[in-house]
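One structure is given below, encoded as structure tokens.
Note that the structure is a prediction, hence the values are computed from the model and not measured. Chain letters run A, B, ... following the sequence lines, proteins first, then strands; residues in each count from 1. The figures that follow rest on heavy atoms only: side chains count, while hydrogens, waters and symmetry mates do not.
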Amino acid sequence: MQQVRVRFAPSPTGPLHIGGVRTALYNYLFAKKNKGTFILRIEDTDQGRFVEGAEEYIMESLKWCGIVVDEGITEGGKYGPYRQSDRKEIYRQYADILVEKGDAYISFDTPEQLAKLRSDSEKEGDTFIYNAAARVRLKNSLSLPEAEWKNLLATGCPYVIRYKMPVNEDIHFDDIIRGHIVVNTNTLDDKVLFKSDGMPTYHLANIVDDHLMEISHVIRGEEWLPSLPLHFLLYRSFGWNAPLFAHLPLLLKPDGKGKLSKRDGDKMGFPVFPLFWPYGETAKGYREEGYYPEAFVNMLALLGWNPGTENEIFSLAELIDVFSIEKVHKSGSRFDPEKAKWFNHHYLQCRTNNQLALEFRDFLRAKGYHHDIVNLEKLVGIIKERVNFVKDIWKETDFFFRGPDNYDVEVIKKRWQSETPVQLLELKAVLENIDDFSPAITESVVKEWVESKGYNTGAVMNAFRLVIVGASRGPHIFDIISWIGKKETLNRIERGVSVIGKQ
RNA sequence: GGUCCAUUCGUCUAGUGGCUAGGACGUCAGGUUUUCAUCCUGGUAACAGGGGUUCGAUUCCCCUAUGGACUACCA
């Protein structure tokens with residue numbers, strides 16, 4: 001097999017969508033699986049849509065995911081430059097080759113004229129196509145006398161270069177994922193290859209660069225499938241060997257119809273982008289929402305592909321090992337935010353208490369709480385299996401850091417009996433005599449006391465929880481009081497009894 | 001409208017010319033936890049429809065329906 005060289009070729013028009021990240025991931029996995037090269041090429045031939053910061057965003061997103069670029073703008077490489085605007089001079093000569101060969105021609109129609117033709121056709125119920133039938137009555141080097149169009153050229157009249165689509169020819173081609181496809185050229189139009197602003201269109205730049213960069217496999221989104229026949233024709237016109245193609249299925253909305261969009265994320269509260277996008281209309285990112293990159297990558301890899309086993313947990317290295325492009329699905333996958341959370345839950349459980357304590361400490365500092373790592377490790381150990389994200393730890397443990405502001409009225413109604421205050425004050429006295437507040441000690445002493453008094457365990461314990469936590473939730477009560485300590489425990493009992501007693 | 005692509009539980013999916021069509025997420029029930037959550041166990045639930053081919057089709061072929069992409073001097 002020839003040397004594998006694949007490229008991820010995004011357009012810097014805004015934050016990179018997770019569908020784009022998946023495309024990059026599959027390219028990367030394929031490259032590494034085959035000991036090949038992963039190239040990042042920036043396709044910025046549309047000057048009007050360029051967005052400041054998008055290029056950096058793309059690179060940082062890949063980095064966060066652990067996808068390492070072998071050749072690119074910052075990495076360098078023998079096939080550079082890797083930004084199409086920096087390759088501007090290259091494309092014109094290739095467009096000219098096609099014109100000289102007679103496979104392309106010069107067209108003077110303005111966008112306005114073509115727009116009018118389109119809308120006129122639409123009114124009559126059909127579609128305007130710039131093809132063999134139409135081009136003879138339009139303004140181009142095929143329809144005009146040579147002297148006339150050469151004169152237009154000489155006077156600086158704006159023009160584009162279009163591909164001259166062959167008439168009535170069946171184009172056969174293969175896609176690694178979709179198999180054999182046949183399209184008749186009569187349904188295709190004379191696509192613009194070179195724009196009047198001096199830049200190539202995607203179609204030309206893409207083919208030229210893929211050829212020059214010796215790309216072996218083009219792995220890209222399904223939205224490119226309709227232009228694949230054009231691309232095949234272009235390779236043929238140039239006399240180049242075409243790379244192999246694989247068109248990836250789309251990522252679809254969690255509900256309803258259509259492909260996943262930023263709107264879905266906003267509406268349903270999940271991110272559609274890997275990182276926070278800070279410019280203009282901002283967008284949430286997986287990283288900032290608290291997802292681990294390994295969870296994000298694992299989740300994304302399994303959307304549209306799986307190795308055929310029942311295992312669902314894969315590290316990036318394991319993905320490289322088991323990945324095969326042939327097992328990528330043909331149909332689109334609906335994105336499921338719930339499963340994404342589940343992946344994060346899994347990876348969070350895999351972290352050590354020390355790692356989690358370090359992460360949670362940063363979160364606590366922002367809230368103004370300062371605790372040493374040993375304490376936080378204990379806390380995290382008690383709580384981690386209940387949470388999906390580090391930020392959730394706070395929601396589950398706020399009462400560790402501060403006593404209750406108020407007490408759940410439903411719980412009071414159910415658990416606060418007339419004898420409760422007396423029992424709790426007795427409990428306070430019992431606890432006061434314990435020096436070692438480790439959970440096992442306090443638990444056995446308290447249980448003994450309850451039994452010796454003949455109290456109802458449930459009633460006492462639930463009231464105890466109420467004054468400590470303020471509600472009917474949280475881990476083992478003895479784990480909680482061990483962590484908050486004797487002094488705080490006694491204070492909370494006293495305060496609870498006096499506050500609730502007055503209600 | 002035209003061209004192309006697709007279609008297994010609600011979702012992600014496994015799978016085969018003959019299987020009780022498997023797993024995961026979700027959901028529901030039970031257990032554990034004298035709380036809540038976790039966790040454990042169990043349940044629910046699918047081959048889009050219609051024709052063929054065949055002894056036999058979820059699997060192969062055709063049609064229909066539905067969904068999707070594309071249809072720019074955007075990528």
Arg263(A) atom CZ, neighbour heavy-atom count above 12 within 6.0 Å: no

Under 3.5 Å side-chain donor-acceptor pair for Asp209(A) and Tyr82(A): no

Trace of the ring-ring contact (aromatic ring centres under 6.0 Å, His included) decision for Trp394(A) with Phe400(A): CA-CA 9 Å; Trp394(A) 172 256; Phe400(A) 278 76; over 10 Å; no

Sugar-phosphate only, base, or nothing, as touched by Pro158(A) at under 4.0 Å among non-hydrogen atoms: nothing

Out of rU33(B), rU13(B), rC4(B), whichever nucleotide has its closest atom nearest the side chain of Ile181(A): rC4(B)

Sugar-phosphate only, base, or nothing, as touched by Ser196(A) at under 4.0 Å among non-hydrogen atoms: base

Sugar-phosphate only, base, or nothing, as touched by Val192(A) at under 4.0 Å among non-hydrogen atoms: sugar-phosphate

Trp277(A) and Tyr57(A) aromatic ring geometry - parallel, tilted or perpendicular at 30°/60° bounds: perpendicular

Residue met sooner reading RNA chain B from 5', once Met461(A) and Asp189(A) are mapped to nucleotides: Met461(A)

Euclidean distance for P, rU58(B) against rG17(B) (whole angstrom): 14 Å

Arg386(A) side-chain proximity, nearest of rC73(B), rC12(B), rC36(B): rC36(B)

Span that lies between the C1' atom of rG42(B) and that of rA48(B), in whole angstrom: 31 Å

Proximity to the side chain of Arg178(A) - top-ranked nucleotide from rA37(B), rC5(B), rU3(B): rC5(B)

Touch class at under 4.0 angstrom, heavy-atom based, for Arg465(A) against every strand present: base

Nucleotides 24-28 of chain B: which of its N/O atoms have a protein N/O under 3.5 Å away?
residue, atom, partner, partner atom, Å
rA24(B), O4', Glu312(A), OE1, 3.0
rA24(B), O2', Glu312(A), OE1, 2.4
rA24(B), O2', Lys339(A), NZ, 2.9
rA24(B), N3, Lys339(A), NZ, 3.2
rC25(B), OP1, Trp342(A), NE1, 3.3

N/O (side chain, Lys191(A)) to phosphate O (OP1/OP2, rC74(B)) under 4.0 Å: no

Residues Asp479(A) and Ser482(A): side-chain donor-acceptor under 3.5 angstrom: no

Between CD on residue Gln423(A) and CZ on residue Phe464(A), distance to nearest 0.5 Å: 13.0 Å

Gap in Å between the two P atoms, one belonging to rC39(B) and one to rU16(B), rounded: 32 Å

Sugar-phosphate only, base, or nothing, as touched by Lys447(A) at under 4.0 Å among non-hydrogen atoms: nothing

Check: rG1(B) base within 3.5 Å donor-acceptor of Thr127(A) side chain: yes

Distance below 4.0 Å between Thr45(A) side-chain N/O and rA75(B) OP1 or OP2: yes

For nucleotides 66-70 of chain B, give me every protein contact, N/O to N/O, under 3.5 Å, one pair per line with atom names.
residue, atom, partner, partner atom, Å
rG67(B), OP1, Lys257(A), NZ, 2.7
rG68(B), OP1, Gly258(A), N, 3.3

Touch class at under 4.0 angstrom, heavy-atom based, for Glu43(A) against every strand present: sugar-phosphate

Residues which pass salt bridge (charged side-chain N to carboxylate O under 4.0 Å, His left out) with Lys395(A), listed by chain and number, not counting sequence neighbours: Asp392(A)

Sugar-phosphate, base or nothing in reach of Gly48(A), heavy atoms under 4.0 Å: nothing

Arg415(A) or Asn306(A), whichever maps to the more 5' nucleotide of RNA chain B: Asn306(A)

Any His329(A) side-chain N or O less than 4.0 Å from OP1/OP2 of rU13(B): yes

